[in-house]
A.B. asks: 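Before we start, here is the structure in question, set down as structure tokens.
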Amino acid sequence: MTDPIADLLTRIRNAVQAGHSNLVVPRSKMKLAIVKILKEEGFVEGYVDDQSGPQGQLKVFPRYNEANKGVIQGIKRISKPSRRNYVGKSDVPRVRNGLGVAILT
């Protein structure tokens with residue numbers, strides 16, 4: 001897999017669109033950090049960090065509202081391995097007029 005972060009975001013997007021109660025992704029430190037941020041911001045109910053096995057797994061529980069519609073309305077990766085996007089601290093774009101979250105490394 002050439003882009004594990006894009007794979008994580010795609011799995012989350014697909015699980016929310018399909019209405020799944022949880023999803024399982026291979027574990028890495030970067031994926032764990034991203035899922036922690038999504039939990040702190042209220043986009044996922046929680047996660048389970050299973051470190052058994054050679055790599056381990058993350059079990060993520062997406063959040064849904066009262067109408068069973070996913071809280072995550074859109075999730076995408078801007079900077080890709082084939083095309084990096086660098087911005088200065090004053091040029092960080094606003095996400096959905098301040099209602100969304102941009103995760104930077």
Side-chain angles (χ1 to χ4, degrees):
M1 182 181 331
T2 59
D3 193 2
I5 295 172
D7 178 61
L8 169 71
L9 299 179
T10 299
R11 288 182 190 217
I12 292 173
R13 183 183 318 111
N14 290 343
V16 169
Q17 287 179 350
H20 292 277
S21 61
N22 63 47
L23 66 129
V24 178
V25 295
R27 182 188 186 281
S28 74
K29 291 179 185 178
M30 181 66 79
K31 291 178 188 177
L32 180 62
I34 291 171
V35 170
K36 281 182 181 179
I37 292 170
L38 291 175
K39 167 128 177 50
E40 290 170 3
E41 295 295 329
F43 292 107
V44 297
E45 290 284 337
Y47 62 92
V48 176
D49 184 12
D50 180 17
Q51 297 184 14
S52 63
Q55 183 175 5
Q57 295 179 336
L58 285 173
K59 190 172 187 179
V60 182
F61 303 95
R63 175 170 278 169
Y64 296 95
N65 61 15
E66 298 82 22
N68 282 336
K69 189 171 180 185
V71 173
I72 297 176
Q73 296 296 314
I75 186 169
K76 66 180 180 176
R77 180 158 190 194
I78 302 297
S79 181
K80 302 172 183 168
S82 61
R83 183 178 175 121
R84 292 292 181 195
N85 185 8
Y86 298 101
V87 295
K89 66 179 182 179
S90 60
D91 299 327
V92 175
R94 290 180 51 146
V95 180
R96 293 189 177 248
N97 278 337
L99 297 176
V101 176
I103 300 174
L104 307 174
T105 61

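Keep in mind the model is a prediction, meaning the values are calculated, not measured.
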A.B. asks: Apply side-chain contact (heavy atoms from CB on, under 4.5 Å) to the pair V101 and V95, showing each step before the final yes or no.
C.D. replies: CA-CA 6 Å; V101 176; V95 180; over 6 Å; no
A.B. asks: Under 4.5 Å side-chain heavy-atom separation, chaining through any Ile, Leu, Val, Met, Phe, Trp or Tyr, what else clusters with L99? Say none if it is isolated.
C.D. replies: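 None, because no other hydrophobic side chain comes under 4.5 Å of this residue.
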A.B. asks: If a pair satisfies salt bridge (charged side-chain N to carboxylate O under 4.0 Å, His left out) and one of its residues is in residues 88-104, list it, with sequence neighbours excluded.
C.D. replies: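 Counting only pairs at least two positions apart or across chains, no salt bridge (charged side-chain N to carboxylate O under 4.0 Å, His left out) contact touches residues 88-104.
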A.B. asks: Just verifying a value: how many Å separate T10 OG1 and I5 CD1, rounded to the nearest 0.5 Å?
C.D. replies: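 CD1 of I5 is found 11.5 Å from OG1 of T10.
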A.B. asks: What residues, two or more places apart in sequence or in another chain, satisfy side chain to side chain contact (heavy atoms under 4.5 Å, CB included) together with L32?
C.D. replies: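 For L32, the residues satisfying side chain to side chain contact (heavy atoms under 4.5 Å, CB included) (neighbours in sequence not counted) are R27, K36, Y47, D49, L58.
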A.B. asks: Are V44 and I37 connected, step by step, through hydrophobic side chains (Ile, Leu, Val, Met, Phe, Trp, Tyr) whose heavy atoms are closer than 4.5 Å?
C.D. replies: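 Looking at the clustering, I37 is in the same group as V44.
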A.B. asks: Taking atom CZ as the centre, does R84 end up with more than 12 heavy-atom neighbours from other residues, nucleotides or ligands that are less than 6.0 angstrom away?
C.D. replies: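 Count over threshold, so yes.
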A.B. asks: Can you sort out the partners of S52 under side-chain hydrogen bond (donor to acceptor under 3.5 Å, both in side chains), two or more places apart, ordered by chain and number?
C.D. replies: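 Checked S52 against side-chain hydrogen bond (donor to acceptor under 3.5 Å, both in side chains); matches are D50.
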A.B. asks: Which residue pairs pass the salt bridge (charged side-chain N to carboxylate O under 4.0 Å, His left out) test when at least one of the two sits in residues 9-25, sequence neighbours left out?
C.D. replies: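 Salt bridge (charged side-chain N to carboxylate O under 4.0 Å, His left out) check on residues 9-25 returns D7-R11.
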A.B. asks: Kindly compute the distance separating CD (Q51) from CD (Q57), expressed to the nearest 0.5 Å.
C.D. replies: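 That separation rounds to 12.0 Å.
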A.B. asks: Which atom names give the shortest non-hydrogen contact between H20 and A18, and what distance separates them?
C.D. replies: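 For H20 versus A18, the nearest heavy atoms are CD2-CB, 3.2 Å.
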A.B. asks: Among residues at least two apart in sequence or on other chains, which ones pass side-chain hydrogen bond (donor to acceptor under 3.5 Å, both in side chains) with Q17?
C.D. replies: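 So Q17 forms no side-chain hydrogen bond (donor to acceptor under 3.5 Å, both in side chains) with any residue.
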A.B. asks: Are M30 and L8 close enough that some pair of their side-chain heavy atoms sits under 4.5 Å apart?
C.D. replies: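 With C-beta onward as the side chain, the pair stays apart.
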A.B. asks: Could I get the full list of side chain to side chain contact (heavy atoms under 4.5 Å, CB included) partners for N68, not counting sequence neighbours?
C.D. replies: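 Per chain and number, N68 pairs via side chain to side chain contact (heavy atoms under 4.5 Å, CB included) with no residue.
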A.B. asks: If the condition is side-chain hydrogen bond (donor to acceptor under 3.5 Å, both in side chains), which residues does E41 pass it with, not counting sequence neighbours?
C.D. replies: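 Result, side-chain hydrogen bond (donor to acceptor under 3.5 Å, both in side chains) vs E41: none returned.
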A.B. asks: Is it true that I103 and I75 fall in one hydrophobic cluster, defined by side-chain heavy atoms closer than 4.5 Å?
C.D. replies: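 In one cluster with I103: I75, yes.
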A.B. asks: Supply the members, apart from V87, of the Ile/Leu/Val/Met/Phe/Trp/Tyr cluster built from side-chain contacts under 4.5 Å; use none for a lone residue.
C.D. replies: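 Besides V87, the cluster holds V92, L104.
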A.B. asks: Once side chain to side chain contact (heavy atoms under 4.5 Å, CB included) is applied, do any residues pair with P93, and if so which ones, sequence neighbours excluded?
C.D. replies: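 Listed in chain order: nothing, the list is empty.
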A.B. asks: Applying side chain to side chain contact (heavy atoms under 4.5 Å, CB included), can you list everything that pairs with V71, at least two apart in sequence or on another chain?
C.D. replies: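 Expected list: F43, R63.
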A.B. asks: Are the side chains of P62 and I72 in touch, meaning some heavy atoms are under 4.5 Å apart?
C.D. replies: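 A side-chain contact under 4.5 Å is absent here.
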A.B. asks: Checking one residue: F61. Which other hydrophobic residues are in its cluster under the side-chain 4.5 Å linking rule?
C.D. replies: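 Direct or chained contacts put F61 with V48.
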